[in-house]
Structure formats: C-alpha cells, structure tokens
Amino acid sequence: MIARDGACVSLWQNTVTEFNKSNFFSDNSFDVAIVGGGITGITTALQLQKAGKKCIVFEAYNLCFGTTSGTTAHLNTLLDTPYTTIIKNFGKENAQLVAQSSKEAIELIKSIIKEYNIDCEFEDASAFLFAQDDKQNKELQDIHDACREVNVKAVYANELAVSIAHKKVMRVDGQGKFHPVKYVHALAKVFEDLGGVILQQCRVEDVDENDVINIVTEKGNFQAEFLIYATHIPPGVNLLHLRCAAYRSYAMAVTLKNKKYPGNLFYDMYDPYHYIRSQKIKNSTYLIVGAEDHKTGHVENTDECFLKLEAYVRKHFDVDEVVNKWSSQYFEPADALPYIGHLPGHKGNILVASGYGGNGMTYSHVAAVTLKSIILNEENPYIKLYDPNRIKPVAGFVSFLSHNADVVRMFAGKWFANEKLKELADMAPGEGRVVKYEGHTIALHKDESGGLHALNPTCTHMKCSVAWNNAEQTWDCPCHGARYNIEGYVVTGPANIQLEKIEIKNLAE
Ligand SMILES: Cc1cc2nc3c(=O)[nH]c(=O)nc-3n(C[C@H](O)[C@H](O)[C@H](O)COP(=O)(O)OP(=O)(O)OC[C@H]3O[C@@H](n4cnc5c(N)ncnc54)[C@H](O)[C@@H]3O)c2cc1C
C-alpha cells in the first residue's frame, strides 16, 4: 500500500506497492525540474525526457500521494463542465479545441500503454449521461447539441445498463478507464529507464527565480532552466488561488452480490452529480461510485457525506461489501478551463498546470503536451487556449500578496496545560475542533488513544482558519484548500509551511 493525503484508504493505494526505483545522479543541474509526482508531474516528465531534456521530479511524499490516488479515473472527452458552458465562455472554435485536446489526451494514454506494454487494467468505455426529470431532459438536449457542435459524437441511447430511473440517455463513445496509480508507476519506471531522476520524500521549499533557477529542497539545492509546478495547485500566493476553488468529493468501491458490474461510465445530472463505473483489478471487480462534492472545509461532519453516498449506492445496487471509501480534493477553475502554461506573476521559465476540476486524468495529458511545446518552443494552439494569464490581476493584487505572504507565529514560547485543555476537549477520539481558550483560538485534536494535539489554526497560506475534516483526519483550509495532518504538516498545497505547533504540558508530571 502507498501513503495518501488522508486517513481513508482508496482502492488504488490499496492495490499497489511503493515505487522505489531511483536513479543515481552526480550533477544537480537539470534542464527541467518538475515539482509534484502525481499523474501530471510524471506524464510531463516522461514527455520531456523522451524529447531529450534532462529532467528531475521532486515529490514531497511518495508518487501519487496527492489526488492521483484519490481519483476515480474516468477518462473523458465528455467533460464535467458541459460544452454548452465552454462554448458560452470561450466560443465554438475554442470549445472544439478543448474537445480535440481531450480526445488526443486519451489517445496519448492509449499509445503510451501500448508502446510500453503497461499493465494498468485500461479498458475502452462509453459515457452515459442520463436525465431524470423534464428540466434535466432539456439540459441534456442542450448538452447533446453542444457536443455535436464541438465534434464530440453524442447520440441518444435507448437503454441504461444501471437500474436507475431515467427519462432520456445520451451516449458518447471513445472514453476509457484504468488503474491510475499502476499507470503512473509504470510511466515513472520508463522515465527513469530513459535517464530521468525522481526524488521522493523531497519537498521543494523555496525557488529562486533567475535565468537559471535555484531550487531549495529537503535534499539540497538544484538548478534548472525551467521549473514546472505539477503540484495540483501552485504553492505560495498566486492569482490562480483566487481563480481555483477547492472542492472535496467522495468515492466508494463496493463488490456486488449479483456480480452485474456495468462496463461503461455513468453520470446523473444533479449538482453535485453521481459518477459510476466499475474496475477490474487482477481477479476482482469493483463498482466505484462518487458524489457528495462540497467546497473544502465547508461541511462540518464529512463522515455524513459517506453515509449519504452509501445510502445511494445501496439503493441502486446489490451491494455485497463496501471495500474502500475515500475522499479527495480537486480545484475548480473560475471560467471552466484549466490553467496550463506560464505561472502568472512569475518569470517565463516558471510553468504550472492547475484547475482541472474533475477531469485531471485527461487534462494532465493535455498539460504534458502543452508544457512540452512551451519548453521546446513548438507551435501549439493549446498554449493560448489554456494560458493561465488569460485572467488579468485585479488592481492592488501585488500589495495584497505581500500583505498575505508572512506567516503568523503566535505561540512561540507559550504552552498550555493538558489538564485545562482536556476540559475543553469533550470530543470522541479521532475528533478535532477549533476552540477558544484564554483569548486564543486553538485547533485541538484528540487522537485514538485520547492524547491531545494542539495547533495554531491560522493557515500558513493566507491566514484563514482551518476546519476539521473528520473523515480524512486532517485540518482543511476553507479558503484555498491547503490541508495539514494532525501534527500540522502540510499534506496538500498551496501552503508550503506547517501549522504552528502549540506545546501542551502535563502539570501533574
Ligand atoms: C474524488 C475525485 C474523483 C476524481 N475523479 C476523476 C475522474 O474520474 N477523471 C478525471 O479525469 N479526474 C478525476 N479527478 C481529478 C483528478 O484526479 C486530478 O485532477 C488529478 O489526479 C490531479 O493530478 P496532479 O498530478 O495534477 O495532482 P496530484 O495528484 O495532487 O499530485 C501533486 C503532487 O505534488 C506533490 N507536491 C505538492 N507540493 C510539493 C512540493 N512543494 N514539493 C514536492 N512535491 C509537492 C504532492 O505531494 C502530490 O503528490 C477526481 C478528483 C477527485 C477529488
């Protein structure tokens, strides 16, 4: 099993072992440094290494520690944001390019799997979007028409292979599904076979931007001509944080008594919607259902989201056993398209890929191709389409940045008595709460053995107050999605600095 950025165990992390091959290297200078070892980082690194660039990947934990092991890995050209919206925001021609780029992304995945003979349980699939009332019928018709306008061949279907009441069904072929972590691990091996370097357990702590970039990491300093933030959301304080909203979604892998696993991909049209598929892993098959999305840190009891999801799954399927349930975070872009290219407000050799919404399996490959074109100075229409600088900074943003960049350390030299804090902590083991005590606000967590952990709840990113996520046992920031474990260490950016620890002393000792 591999580690992930939450306490719940996903189907993917549970069915692989850690990636532990590592290339020897003697020179700390590289052409391209890639920060982040999820699907974006590894796919992009492989594309660039194949193109003759000398690349290094830095991963703060282990490969796929982030959302890549918390995904559900549908491979779509039928995107979460309907083409109706993309056409409205960007025009028909650009929407056609979006559809083309996602189609090419799936083709790229298939060609990589074929070229390197990768065993990641890939299967071709069709997507079925179904309406359940008259309003959804109308919306489905609009989506159908918009799909056809952008050359995504949508057709109406007569049947739905899942027994969920429906009025109208639309089918799109040419989709896919796979085991995302097996895929990324296989790509990482190919990348290293081609001479690339991967450093796991190596957080990038600071970056000195120059023609030659100096990268400060937990394992020393490195130099590179280009740096790519494949960190899902870039660290630091950036315009993109105001343009990407952090959301949490919930997923469940179950076995079925009747063994009737539907082969394709299914979506209802509620907001948030349910997404359904099955996955074969070795000799076992699982039904995977996801839903219950909400803004990060905006739901008090995240366990309830699993209860609602399980009730839905049991209502519609003949569940034998719930094998895994997990939740994970994604970043929704403000205007429906991801941000791939030059990081706003930074030198031209600092690149980023972010804001994928729920389509990062596909968009990661659009990012790999687009970022490669930027670095190799190739013409590519996706560079303009996905340019993060399509959004302009609002007046006063620079002073806002410097105002928010400093970290608050309020508890240096201060401690609290365990006995006193225990009086505040009328919580069950595994719970956390932000409490007020002696004029201070404290993020307090009681671990499974009753021990208390206290942190300064002020997020080190932009000073919002974190909220407890009981399902994943993390402190999550409702503003921009930074997340911390019970010891205060960053598990998800954009924060790059841990929460301040508050010392607790036992007066009786
Ligand atoms: C529940 C759920 C279901 C989803 N289902 C689908 C789906 O069906 N289809 C689809 O296309 N998309 C889906 N998505 C979205 C998709 O999973 C993500 O967009 C994608 O996994 C993002 O990959 P990534 O490599 O960009 O980021 P991540 O996988 O998050 O990787 C980023 C990595 O960067 C590392 N990192 C961060 N900061 C640093 C640092 N300073 N130094 C070094 N390393 C650092 C992290 O540890 C992490 O491993 C889903 C998302 C969720 C939440």
Side-chain angles (χ1 to χ4, degrees), residues 2-6 8 10 12 33-45 57-80 102 105-106 109 127 175-178 180-181 184 199-207 215-219 228-236 246-252 265 267 272 275-277 279 288-293 296 309 325-332 338 340 352-368 481-483 490-497:
I2 60 164
R4 198 177 70 85
D5 63 3
C8 297
S10 79
W12 319 118
I34 295 112
V35 191
I39 192 164
T40 303
I42 296 300
T43 310
T44 308
V57 176
F58 301 105
E59 167 51 56
Y61 292 93
N62 46 267
L63 295 193
C64 301
F65 180 83
T67 300
T68 298
S69 60
T71 187
T72 52
H74 297 223
L75 300 169
N76 305 94
T77 58
L78 181 66
L79 303 168
D80 282 11
S102 34
I106 297 176
I109 292 171
Q175 320 292 296
K177 54 183 185 171
F178 66 172
V181 179
V184 172
L199 289 185
Q200 298 184 91
Q201 312 300 336
C202 183
R203 175 173 293 277
V204 169
E205 293 173 329
D206 204 2
V207 169
I215 302 148
V216 181
T217 80
E218 290 174 335
K219 294 189 174 166
I228 298 173
Y229 284 117
T231 46
H232 209 180
I233 190 82
Y247 279 81
R248 177 149 293 272
S249 190
Y250 296 75
M252 199 163 274
L265 317 176
Y267 311 93
Y275 43 105
I276 302 165
R277 75 169 183 100
Q279 176 71 48
I288 305 169
V289 184
E292 299 301 328
D293 305 26
T296 296
L309 180 60
K325 51 184 179 178
W326 70 95
S327 72
S328 193
Q329 182 161 283
Y330 64 92
F331 292 91
E332 197 62 36
I340 301 167
V352 69
S354 188
Y356 296 153
N359 296 112
M361 295 291 108
T362 315
Y363 277 137
S364 53
H365 287 65
V366 175
R483 299 177 54 241
V490 176
V491 291
T492 307
N496 215 9
I497 299 173

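Note: hydrogens, waters and symmetry copies are ignored here, and every other heavy atom, side chains too, is used. Since the structure is predicted, the reported quantities are computational estimates derived from the model, not experimental observations. This chain uses plain numbering: 1 for the first residue, then up along the sequence. Order of listing sets the numbers, starting from 1, for every ligand and every atom in it.
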message: Give the atom numbers and elements of ligand 1 that come within less than 4.0 Å of a heavy atom of Val204.
response: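 With Val204 as reference, the close atoms of ligand 1 come out as 40 (C), 41 (N), 42 (N), 43 (C).
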
field: Non-hydrogen atom of Gly357 closer than 4.0 Å to ligand 1
entry: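 In this structure, Gly357 qualifies as a contact of ligand 1 - some heavy atom is under 4.0 Å.
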
Among Asn359, Asn62, Thr71, closest by any non-hydrogen atom to atom 4 (C) of ligand 1: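 Shortest heavy-atom distance from atom 4 (C) of ligand 1: Thr71.
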
message: My understanding is that we take every heavy atom of each candidate and find the minimum distance to atom 13 (C) of ligand 1. Doing that for Cys202, Gly358, Gly493, Ala291, which one comes out nearest?
response: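 Selected option, by shortest heavy-atom distance: Gly358.
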
- request: Report the part of Val35 in contact with ligand 1, treating N, CA, C, O as backbone and CB onward as side chain, heavy atoms under 4.0 Å; options are side chain, backbone, both, neither.
  value: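 For Val35, only side-chain atoms sit under 4.0 Å from ligand 1.
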
message: As an exercise, identify every atom of ligand 1 less than 4.0 angstrom from a heavy atom of Gly38.
response: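 Taking each heavy atom of Gly38 in turn, ligand 1 has 25 (O), 29 (O), 31 (O) under 4.0 Å.
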
- prompt: Picking from Asn359, Ile340, Thr43, Thr40, what satisfies side chain to side chain contact (heavy atoms under 4.5 Å, CB included) with Val366?
  reply: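 With Val366 as partner, side chain to side chain contact (heavy atoms under 4.5 Å, CB included) holds for just one option, Ile340.
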
- request: Any atoms of ligand 1 less than 4.0 Å from a non-hydrogen atom of Tyr356? List them with their elements.
  value: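 So the atoms of ligand 1 that pass are 19 (O), 26 (O).
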
message: Any heavy atom of Ala230 closer to ligand 1 than 4.0 angstrom?
response: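 Contact present.
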
task: Hey, can you tell me if His232 and Phe331 have their rings parallel, tilted or perpendicular (30° and 60° cut-offs)?
output: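 Perpendicular.
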
message: Run the ring-ring contact (aromatic ring centres under 6.0 Å, His included) test against Tyr356 and tell me which residues pass, sequence neighbours left out.
response: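 Result, ring-ring contact (aromatic ring centres under 6.0 Å, His included) vs Tyr356: none returned.
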
Option set His232, Glu205, Glu59, criterion heavy-atom distance to atom 33 (C) of ligand 1, minimum: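 Checking each option, the heavy atom nearest atom 33 (C) of ligand 1 is found in Glu59.
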
- prompt: Evaluating non-hydrogen atoms only, which member of Gly360, Ala105, Ser249, Gly41 is closest to atom 16 (C) of ligand 1?
  reply: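 Considering heavy atoms of Gly360, Ala105, Ser249, Gly41, the nearest to atom 16 (C) of ligand 1 sits in Gly360.
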
query: Listed by chain and number, what are the side-chain hydrogen bond (donor to acceptor under 3.5 Å, both in side chains) partners of Arg277, not counting sequence neighbours?
result: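 With neighbours one apart ignored, the set is Gln279.
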
task: Show which atoms of ligand 1 fall inside a sub-4.0 Å distance from at least one heavy-atom site of Gly36.
output: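 Result: 33 (C), 34 (O), 35 (C), 44 (N).
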
Ligand-side contact atoms (ligand 1) for residue partner Thr362, heavy atom cut-off under 4.0 Å: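 By the 4.0 Å cutoff, the relevant atoms are 11 (O).
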
message: Nearest non-hydrogen contact with atom 53 (C) of ligand 1 belongs to which option: Ala353, Ser328, Ser102?
response: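 Shortest heavy-atom distance from atom 53 (C) of ligand 1: Ser328.
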
- request: Report the part of Ala73 in contact with ligand 1, treating N, CA, C, O as backbone and CB onward as side chain, heavy atoms under 4.0 Å; options are side chain, backbone, both, neither.
  value: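 Just the backbone.
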
- request: Check each heavy atom of Asn496 against ligand 1 and say whether those closer than 4.0 Å belong to the side chain, the backbone, both or neither.
  value: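 The part of Asn496 near ligand 1 is the side chain, not the backbone.
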
field: Side chains of Gln329 and Thr296, donor plus acceptor under 3.5 Å
entry: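 Result is yes, a qualifying pair exists.
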
- prompt: Does some non-hydrogen atom of Pro235 fall short of 4.0 Å from ligand 1?
  reply: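 Heavy atoms of Pro235 never come under 4.0 Å of ligand 1.
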
message: Going by the closest heavy atom to atom 30 (O) of ligand 1, which one wins out of Thr68, Thr67, Val490, Thr40?
response: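 Among Thr68, Thr67, Val490, Thr40, the closest heavy atom to atom 30 (O) of ligand 1 belongs to Thr67.
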
Numbered atoms of ligand 1 (with element) below 4.0 Å of Phe65, judged on heavy atoms: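 Close to Phe65: 47 (O), 49 (O).
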
query: Does a side chain donor of either Tyr61 or Asp5 reach within less than 3.5 Å of an acceptor in the other side chain?
result: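 There is no such pair between these side chains.
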
message: For atom 43 (C) of ligand 1, tell me which residue out of Ala60, Ser10, Ala495, Gly355 has the closest non-hydrogen atom.
response: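 Answer by nearest heavy atom: Ala60.
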
message: Less than 4.0 Å is my threshold; does some heavy atom of Tyr275 fall inside it relative to ligand 1?
response: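 Right, Tyr275 reaches ligand 1.
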
message: Any heavy atom of Ala367 closer to ligand 1 than 4.0 angstrom?
response: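 It does not, in that no heavy atom of Ala367 comes within the 4.0 Å cut-off of ligand 1.
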
- prompt: Is a donor on one side and an acceptor on the other found under 3.5 Å between the side chain of Thr362 and the backbone of Asn76?
  reply: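 Present.
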
